[in-house]
Amino acid sequence: MTQILSIKSSKPQKTVNLTDSAVAKVRELIASEEEAGLALRMAVRPGGCSGFSYEMYFDAQIDTDDIVEEFDDVKVLVDPQSAEMVRGATLDYKEGLMGAGFAIENPNVTHSCGCGNSFS
């Protein structure tokens, strides 16, 4: 008889991850705002051609039910509803010949639109 073992890590999975380049860019953008206590808020909202779209902005208010992830001195806030849709996602910042910007790699996405701004 074969017994299958399931080993779970004692280290909980982060809701979202940031690459080093994303942390550096978010830090730079927060510093340019010249307002103490800002954090990056990541959220998912209904809308877009595929059903949902990402929303990111700086926020000084941390709600009691927010999930707070810290990357050195950069805080990322995610509300509980959005957390279920972005759990395990990675935020990256890329610079290239075609421009620069943030990109989200989300393992929970089953379909995304051609413009890349919405998903389901």
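Excluded from the calculations below are hydrogen atoms, water molecules and symmetry mates; all remaining heavy atoms, backbone and side chain alike, are included. Numbers for residues simply follow the sequence, beginning at 1.
The shortest distance between side-chain heavy atoms of Leu77 and Gln61 does not fall below 4.5 Å. Side-chain contact between Val109 and Ile104: absent, with no pair of heavy atoms (C-beta onward) separated by less than 4.5 Å. Residues Arg87 and Val16 fail the side-chain proximity criterion, which asks for heavy atoms closer than 4.5 Å. Side-chain contact between Asn106 and Val86 is present, with at least one heavy-atom pair separated by less than 4.5 Å.
Within the structure, the salt bridge (charged side-chain N to carboxylate O under 4.0 Å, His left out) test picks out the following pairs touching residues 55-67 (sequence neighbours left out): Arg41-Asp59, Arg41-Asp66, Arg45-Glu55. Residue pairs satisfying the salt bridge (charged side-chain N to carboxylate O under 4.0 Å, His left out) criterion with at least one member in residues 89-105, sequence neighbours excluded, are absent.
Under the 4.5 Å side-chain heavy-atom criterion for grouping Ile, Leu, Val, Met, Phe, Trp and Tyr, Val74 is connected to Val78 within one hydrophobic cluster. Hydrophobic clustering of Ile, Leu, Val, Met, Phe, Trp and Tyr side chains at less than 4.5 Å, counting indirect connections, unites Met85 with Phe102. Met56 and Val26 end up in the same hydrophobic cluster when Ile, Leu, Val, Met, Phe, Trp and Tyr side chains are linked at under 4.5 Å. Both Leu18 and Phe58 are members of a single hydrophobic cluster when ILVMFWY side chains are connected at heavy-atom separations under 4.5 Å.
One distance of note links CD of Glu69 with CE of Met42; it measures 10.5 Å at 0.5 Å rounding. Atom CG of Leu40 and atom CD1 of Ile30 lie 6.5 Å apart (nearest 0.5 Å). Distance check, rounded to the nearest 0.5 Å: NZ of Lys25 to CG of Asp20 gives 15.5 Å.
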Could you walk me through whether Val68 and Ile62 pass the side-chain contact (heavy atoms from CB on, under 4.5 Å) check?
-> CA-CA 8 Å; Val68 180; Ile62 301 175; 3.9 Å; yes

Trace of the side-chain contact (heavy atoms from CB on, under 4.5 Å) decision for Asn17 with Leu91 = CA-CA 6 Å; Asn17 294 293; Leu91 177 66; over 6 Å; no

Starting from the C-alpha separation in whole Å, work towards a yes-or-no answer on side-chain contact (heavy atoms from CB on, under 4.5 Å) for Lys14 and Val76.
-> CA-CA 11 Å; Lys14 286 186 176 269; Val76 178; over 6 Å; no

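Annotation for Ser21 and Tyr93: closest pair OG-O, 2.9 Å, computed over non-hydrogen atoms. The two atoms that bring Glu35 and Ala60 nearest to each other are OE2-CB, 4.0 Å, heavy atoms only. The two residues Val44 and Ser82 have their closest heavy-atom pair at N-OG, 2.9 Å.
Within a 6.0 Å radius of CD in Glu33, more than 12 heavy atoms belonging to other residues, nucleotides or ligands are found.
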